[in-house]
Every structure is written in structure tokens, then in C-alpha cells.
Number of protein chains: 2
Amino acid sequence: MLDAIDQALISALMQDSRRSLKALAQISGLSAPSVAERLKRLEERGVISAYTLEIDPKLLGYQLQAIVRIRPLPGKLQEVERQILAIAEFTECDKVTGDDCFIARLQVRSMEQLDNLLDRLNHFAETNTAIIKKSPIKRRLPPLD
Amino acid sequence: MLDAIDQALISALMQDSRRSLKALAQISGLSAPSVAERLKRLEERGVISAYTLEIDPKLLGYQLQAIVRIRPLPGKLQEVERQILAIAEFTECDKVTGDDCFIARLQVRSMEQLDNLLDRLNHFAETNTAIIKKSPIKRRLPPLD
DNA sequence: AATGAAATTCCTCTAGA
DNA sequence: TCTAGAGGAATTTCATT
């Protein structure tokens with residue numbers, strides 16, 4: 001899928017996406033122009049879909065994170081999806097198989113705000129909320145080979 | 001929490017973390033040196049915790065994503081957490097309140113692999129797996145104001 | 001595909017206000 | 001926080017292997 005060099009590049013950029021081509025060249029043992037080409041290809045293929053940031057929600061004032069399972073009331077599936085998208089505090093959402101149609105992650109400043117947001121959804125769906133106490137794995141790559 | 005300029009910087013870097021100080025200066029209306037200082041402060045405060053990548057799992061060969069709720073058998077909580085950390089295909093994991101102790105995201109190449117991994121966990125825990133069909137929200141910032 | 005060197009452009013940092 | 005300038009890098013091109 002990915003050769004050893006692509007893997008090295010991706011791992012290195014995953015740790016710090018601002019590394020220069022030169023630095024990446026040293027890490028991967030290639031020359032800088034070769035690294036540039038490989039990155040371009042990885043971007044074009046869509047393997048690298050974005051260079052982005054990791055932000056600490058707590059330091060933005062979002063003291064509370066939760067995972068909400070959402071089961072729309074009959075006929076309300078579309079409406080529920082619209083609502084989720086419209087509520088900016090939902091920072092991730094997956095549509096899944098099973099009884100729950102959506103599983104979403106939510107960041108809020110307080111219990112009160114959590115309650116408010118869920119009330120809005122509860123017009124169209126049943127929800128089941130689990131407060132996040134800790135995140136043992138924040139975000140990591142699966143094996144690249 | 002964050003003034004308008006910090007917000008602009010974070011939004012801009014969230015979209016493309018490789019933007020130069022100069023480009024960020026134009027976006028934010030500040031000079032490049034000022035941007036450099038603000039970024040340094042945001043990094044030091046921990047607001048920006050990493051510059052990283054967004055990768056498409058499908059293009060790495062991970063055709064299947066799932067969310068697994070994990071309820072350790074009595075006395076097995078530690079063991080379960082160890083197992084989750086040790087299984088590299090778990091790319092996110094949260095420890096939560098409620099009956100499920102952990103909610104984790106998993107990337108695998110096939111149903112067979114999914115089955116294998118879950119079997120390993122089922123020695124120590126009950127699991128409930130939802131296959132991801134679509135991800136309406138991949139990852140976004142909550143409101144910054 | 002990858003390399004090395006050259007050319008160019010661009011960026012970062014310091015200093016002074 | 002800004003401007004300005006120095007100095008240093010980084011990226012890109014191109015000819016070659």
C-alpha cells in the first residue's frame with residue numbers, strides 16, 4: 001500500500017506536520033526534491049487529506065466532553081442529521097449500523113449547556129450520553145504496513 | 001478565552017497547518033513577528049498541542065471502521081485498558097461514565113480481522129460494535145468565542 | 001523514481017522604535 | 001506591536017543517472 005519511505009514520511013508529519021522538506025529528507029534518507037514529489041503524490045492520491053492541528057478543548061473553555069448515541073424517532077432521521085450538523089458543539093459524528101444511528105462527540109462548557117443541547121435533540125431522537133473521563137488514546141495511526 | 005486574532009490563527013492553521021508566518025500575518029492582519037509570538041504562546045499554553053495530519057484510512061487499506069463499546073468483566077478493567085492500548089488498530093479510545101467503560105474507534109482491513117480483534121477482547125470484556133457507514137462530521141472545532 | 005547543484009524565492013529573526 | 005533589513009533557509013527547477 002505504502003512503501004517504507006512513505007510510511008516514514010507520514011509518521012514524521014503526523015508528529016509534526018510543519019517539518020520542512022529538508023528535515024523530512026534527512027529522516028527518510030531521500031533528497032529534498034524526492035520528498036517533495038512523494039508528498040505531492042500522497043496528497044493527490046488523497047492519502048494525506050489535510051495538514052491540521054491538535055487543539056486542547058479544555059484550554060478553549062470546553063470543560064466537558066461527551067459521546068452521545070443518537071437514535072432518531074421514526075421518520076426523523078434526516079431532521080436529526082441536520083440538527084447534529086447545525087450544533088457546532090458536535091465535533092465528530094459517525095453514522096453507524098445498529099440501533100443507534102449516530103454516534104457523536106460533543107464539547108461543552110458546562111452541564112447546563114450539555115442539557116440544553118440534548119434537549120434540542122430530544123424532540124427528534126432518543127439519546128444516550130456518556131461523559132468522557134479520560135482519553136487513553138487521543139488519536140493515532142493504525143499500522144502502516 | 002481567545003481573542004479574535006488567536007481565533008483567526010487557529011482556524012487558519014486548522015485548515016492548513018503548514019501555512020507560513022507570513023501567510024498567517026496576512027490572514028490575521030498582524031505582522032509576521034507578532035504572529036510568531038502568538039503562536040509560541042499558544043503552544044506554550046498548550047492550546048495548540050500538535051501540528052498533525054489528516055489521513056484517509058481507506059487509502060491505507062483500512063476498509064472498515066467501527067466504534068466499539070467495551071464493558072470489562074468484573075475485575076478486568078486494567079487488563080482491558082492494556083489490551084486496547086496494545087491493539088494498534090484502535091485509533092481512539094475514551095474512558096467514559098456509564099455501563100460501558102470504554103468507547104473506542106477501530107480501523108481494520110476486513111471483517112475477519114475485526115472478528116479476530118474482538119475475540120481477543122472478549123476474554124476480558126463484553127463488546128458492542130457499530131460499523132461506521134459514513135462520517136458526517138469528521139473533525140471540527142467547536143465555537144472559539 | 002531519485003540525485004545534486006543552482007537559482008530563486010521566501011521565510012524567520014533581530015534590532016530599534 | 002510594528003518596520004526594516006540581514007541573513008539564512010526552504011522550495012523548485014533542471015540536467016543527469
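Letters go in sequence order (proteins before strands), and every chain restarts at 1. Quantities reported herein were computed from a predicted structural model and do not represent experimental measurements.
In this structure, A/Glu54 pairs ionically with A/Arg139, as a charged nitrogen and a carboxylate oxygen lie closer than 4.0 Å. Between A/Glu44 and A/Lys40 there is a salt bridge, since a side-chain N of the basic residue sits under 4.0 Å from a carboxylate O of the acidic one. A/Lys134 and B/Glu81 are joined by a salt bridge, as a carboxylate oxygen and a charged side-chain nitrogen come within less than 4.0 angstrom of each other. Note on B/Arg38 versus B/Asp3: salt bridge recorded, some NZ/NE/NH1/NH2 to OD/OE distance being below 4.0 Å.
Within residues 44-53 of chain B, no residue has any heavy atom under 4.0 Å from DNA chain D. Applying a 4.0 Å cut-off to non-hydrogen atoms, the residues of residues 6-30 of chain A that approach DNA chain D are A/Ser20, A/Leu21, A/Lys22, listed by residue number.
Atom P of nucleotide D/dT11 and atom CZ of A/Arg38 are separated by 17 Å, given to the nearest angstrom. As a whole-Å value, the separation of A/Glu37 CD from D/dT13 P is 11 Å.
Side-chain atoms of B/Tyr51 and B/Glu43 form a donor-acceptor pair, as typed in the model, at a separation below 3.5 Å. Side chains of B/Thr52 and A/Ser17: a donor-acceptor N/O pair is absent below 3.5 angstrom, by distance only.
B/Leu85 has its side chain within reach of A/Ile137: a pair of non-hydrogen atoms, C-beta onward, lies under 4.5 Å apart.
With hydrogens and angles ignored, the 3.5 Å screen pairs a side-chain donor or acceptor of B/Ser110 with a backbone N or O of B/Gln113.
Along DNA chain C, the stretch of nucleotides lying under 4.0 Å from any heavy atom of chain B spans, 5' to 3', C/dC11 to C/dT14.
In the hydrophobic clustering of ILVMFWY residues, with side-chain heavy atoms under 4.5 Å counting as a link, A/Ile67 and A/Ile84 come out apart.
For the atom pair CD1 (B/Ile132) and CG (A/Asp94), the distance works out to 4.0 Å, reported to the nearest 0.5 Å.
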